[in-house]
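Each remark here refers to the structure printed beneath this line.
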Amino acid sequence: MKIVIKILLIIISTQTVFSQNFGEFPKIKKEQLHRDLELLYQGLDRFHSGMYWYTPKDSVDLAFQNAKSKISDDLNILEFHKIIAPLVSLTREDHTDISLPKNIREETNKNENIRFFPLTVVFLGEKLYCIQNLSDNSEKIEMLEIEEINGETPKEIVFKIGNLFASDGYIKTVKFSDLRGFNFSKYYYYYYGVVENYNVKFKNIAEIVTINSLPISKINDHLKKYSNKSEEKINNEPLQFKVIDSKTAYIAIETFDNSRIKEGSKYKSLKKFLKNSFTKIKENDIKNLIVDISKNGGGTEGNEGLLYSYFGENYQKYTKVRVKTQKAVLDNGMDKPIMLKTFGFFERIFANKKMKDGSLERRSNIGLGLMAYKKEPKNKFKGDVYVIISPITYSGASEFSNMMYSRGLATFIGQETGGGYFGNTSGYSEELTLPNSKITISIPALQFVMNVEPKLPFGSGVKPHYEVIPTIKQFINNENVCLEYALKLINEKQ
């Protein structure tokens, strides 16, 4: 595995950036970029608690060495970003983000010379479809599958531009899912620079369709033609419950974020929603429960355990929760040192214990602790459970999936989760702004190692028992095909 990773890193790090046109941005001196690169290395090495969970340190070191060798001249910020973004993705942790400075993002939006691929798209599985044609070409291409762009298949393109952002472990579904909407165009630009035109091969169209690149201003003008075709309003209630029939109920939890629930839900809290829902489930003698977390990207720690408490017995869900260090000082010898910190005083002293290697590990019985939940609820569900998942299922939602999957408490339907089965590095994050390029990296500090049975390969998410991917027509019509599939399974069982 190490040899394979090293080969991939060499391929990624030797990709040229100098022949590409990212726009007229000022050059940053080579020496300053080297100093930023050193601070990035120190930040990931000293503060990111899961840095070497999936990618060995020697492979990371090799990647940084190769990246430094590519900075042999002054570069503009987009050229530098293309070199260091794959280094951030080596964390293989989706909570680790890299972002360009605000002024650069604003410039790419208003500069008429910076042009993009003028389509919004979606990946359904690994197939790419056009959703909105925002180009000057009037060809009817909406809902058509894209087979090639400038001679490359969508999978080949994702293999390249997907290295510009991190995802958990070795999960591939996220690389495709995250490039929906206009993200595909944005990252295509971040990788290839400004491309004058795109020769696109659509399925069911014999001739190649040529699409000229456009600036954001013109793309937004074309977007207005869709304003009168706006989709039917979707229920924005983040917590939903309904009894489908005499034996089946449906729960959708679109977030575990307490603030979003308080603001957007009539229940105001997940605890109240679950109490009400499971009381009704008991009263209606429900035997089958469908839990939809396909749109749930996580949120407030503990809510995943609160939901789990209605299904499983309590147990130690984390093998450990650790931070590599309470404080890391980054210093390249030239720029002002940067300090990254984790816990406040009371949490550091009372909720954690210091280990011999200088790391801190959460105590089992103080604060949030290590157990699955705090209190046994009334009306625990004893029937059959079906959990709907997707690549958006992440963080706390993936932890709920991990517990249910590990303990054999549910049938899973949909696509592989975006969150790692064996845990994640999240919690407290610090923003590291590199002083010369002003690129910011969000570095998470808490490594959550889950206590799961080794039922899945290391580096994967929860894989569904039944993979269900909508057709483009079903996607456009907002059909919940996974719910329909779950109901089909329930009917076949009876």
Side-chain angles (χ1 to χ4, degrees), residues 21-25 78 99-124 127-150 154 157 161 165 176-205 207-238 254 260 263-264 295 297 392 470-480:
N21 171 25
F22 288 102
E24 295 298 322
F25 294 101
L78 269 300
S99 59
L100 291 162
K102 183 180 178 181
N103 68 307
I104 300 297
R105 287 182 275 121
E106 289 176 345
E107 178 67 15
T108 60
N109 287 337
K110 69 182 182 181
N111 191 322
E112 296 291 305
N113 293 319
I114 298 176
R115 302 182 299 280
F116 296 85
F117 182 57
L119 307 181
T120 62
V121 299
V122 67
F123 276 98
L124 300 178
K127 293 182 178 181
L128 181 63
Y129 293 89
C130 172
I131 301 301
Q132 294 172 322
N133 178 8
L134 306 177
S135 74
D136 289 331
N137 191 315
S138 60
E139 190 92 28
K140 298 296 182 183
I141 56 176
E142 290 91 343
M143 297 179 63
L144 295 185
E145 182 184 347
I146 298 171
E147 295 184 322
E148 285 187 0
I149 301 174
N150 288 345
I157 295 169
I161 69 178
F165 58 91
F176 293 89
S177 175
D178 278 6
L179 292 171
R180 61 189 177 274
F182 200 69
N183 273 353
F184 181 87
S185 299
K186 181 178 72 172
Y187 280 99
Y188 198 100
Y189 161 71
Y190 287 163
Y191 188 89
Y192 293 94
V194 175
V195 177
E196 292 298 326
N197 51 63
Y198 304 87
N199 295 315
V200 185
K201 175 67 177 73
F202 290 93
K203 190 172 184 178
N204 299 327
I205 295 182
E207 300 296 324
I208 297 293
V209 178
T210 298
I211 297 173
N212 295 325
S213 59
L214 293 177
I216 291 295
S217 60
K218 290 189 177 180
I219 290 174
N220 285 336
D221 286 342
H222 290 312
L223 187 61
K224 294 174 184 177
K225 71 184 180 182
Y226 288 92
S227 61
N228 295 326
K229 303 176 184 179
S230 58
E231 296 181 5
E232 185 179 334
K233 289 289 184 181
I234 307 300
N235 186 354
N236 290 321
E237 168 65 60
E254 296 189 358
R260 185 181 160 195
E263 181 180 346
K295 298 178 181 179
I392 297 173
T471 64
I472 183 61
K473 184 177 180 180
Q474 290 169 331
F475 174 83
I476 293 295
N477 292 334
N478 200 41
E479 296 180 33
N480 193 335

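These numbers were taken from a predicted model, which means no experiment stands behind them.
- Using modelled atom types, no side-chain atom of Ser213 and backbone atom of Tyr198 make a donor-acceptor pair closer than 3.5 Å.
- Here the side chain of Asn111 pairs no donor or acceptor atom with the backbone of Glu107 at under 3.5 angstrom.
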Let's go through Asn113 and Glu24 carefully: what are the C-alpha distance in whole Å and the side-chain angles of both, what is the deciding distance for side chain to side chain contact (heavy atoms under 4.5 Å, CB included) to 0.1 Å, and is it a yes or a no? CA-CA 9 Å; Asn113 293 319; Glu24 295 298 322; over 6 Å; no

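- Surrounding NZ of Lys186 are more than 12 heavy atoms belonging to other residues, nucleotides or ligands, all under 6.0 Å away.
- Atoms CD and CD1, from Glu147 and Ile205 in turn, are 10.0 Å apart once rounded to the nearest 0.5 Å.
- A donor-acceptor pair under 3.5 Å is absent between the side-chain atoms of Tyr189 and the main chain of Arg115, judged by distance alone.
- If you take CD on Glu145 and NZ on Lys201, they are separated by 9.5 Å, rounding to the nearest 0.5 Å.
- Residues Tyr129 and Leu124 have side chains in contact (heavy-atom distance under 4.5 Å, counting atoms from C-beta outward).
- Between Pro238 and Gly264 the shortest heavy-atom distance is CD-O, 3.4 Å.
- Of the possible donor and acceptor atoms, none in the side chain of Asn197 sits under 3.5 Å from a partner among the backbone N and O of Ile211.
- With Arg105 contributing its side chain and Asn103 its backbone, the two residues share no donor-acceptor pair below 3.5 Å.
- Ring-centre distance between Phe182 and Phe116: below the 6.0 Å cut-off.
- With Tyr190 as the fixed residue, the ring-ring contact (aromatic ring centres under 6.0 Å, His included) test singles out one of Tyr188, Tyr187, Tyr192: Tyr187.
- Considering all non-hydrogen atoms of both residues, Phe176 and Phe123 come closest at O-CD1, 3.3 Å.
- Among Leu144, Asn137, Ile146, the single residue meeting the side-chain contact (heavy atoms from CB on, under 4.5 Å) criterion with Val200 is Ile146.
- The CG atom of Leu119 lies 7.0 Å from the CG atom of Leu134; values are rounded to the nearest 0.5 Å.
- Side chain to side chain, His222 and Asn133 fail the donor-acceptor criterion of an N or O pair below 3.5 Å.
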Does Ile476 form a side chain to side chain contact (heavy atoms under 4.5 Å, CB included) with Ile131? I'd like the steps, not just the answer. CA-CA 8 Å; Ile476 293 295; Ile131 301 301; 3.9 Å; yes

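- Rounded to the nearest 0.5 angstrom, Lys295 NZ and Glu254 CD are separated by 5.0 Å.
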Tell me, with the steps shown, if Asp136 and Leu214 meet side chain to side chain contact (heavy atoms under 4.5 Å, CB included). CA-CA 8 Å; Asp136 289 331; Leu214 293 177; 3.4 Å; yes

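- Taken to the nearest 0.5 Å, the CG atom of Leu100 stands 8.5 Å off from the CZ atom of Phe25.
- Evaluated for a side-chain contact (heavy atoms from CB on, under 4.5 Å) with Cys130, the options Ile141, Val209, Ile472, Val122 yield exactly one hit, Ile141.
- A salt bridge does not link Glu112 with Lys218: none of the charged nitrogens is closer than 4.0 Å to a carboxylate oxygen.
- One finds the CG atom of Leu179 at 9.0 Å from the CG atom of Leu128 (value rounded to the nearest 0.5 Å).
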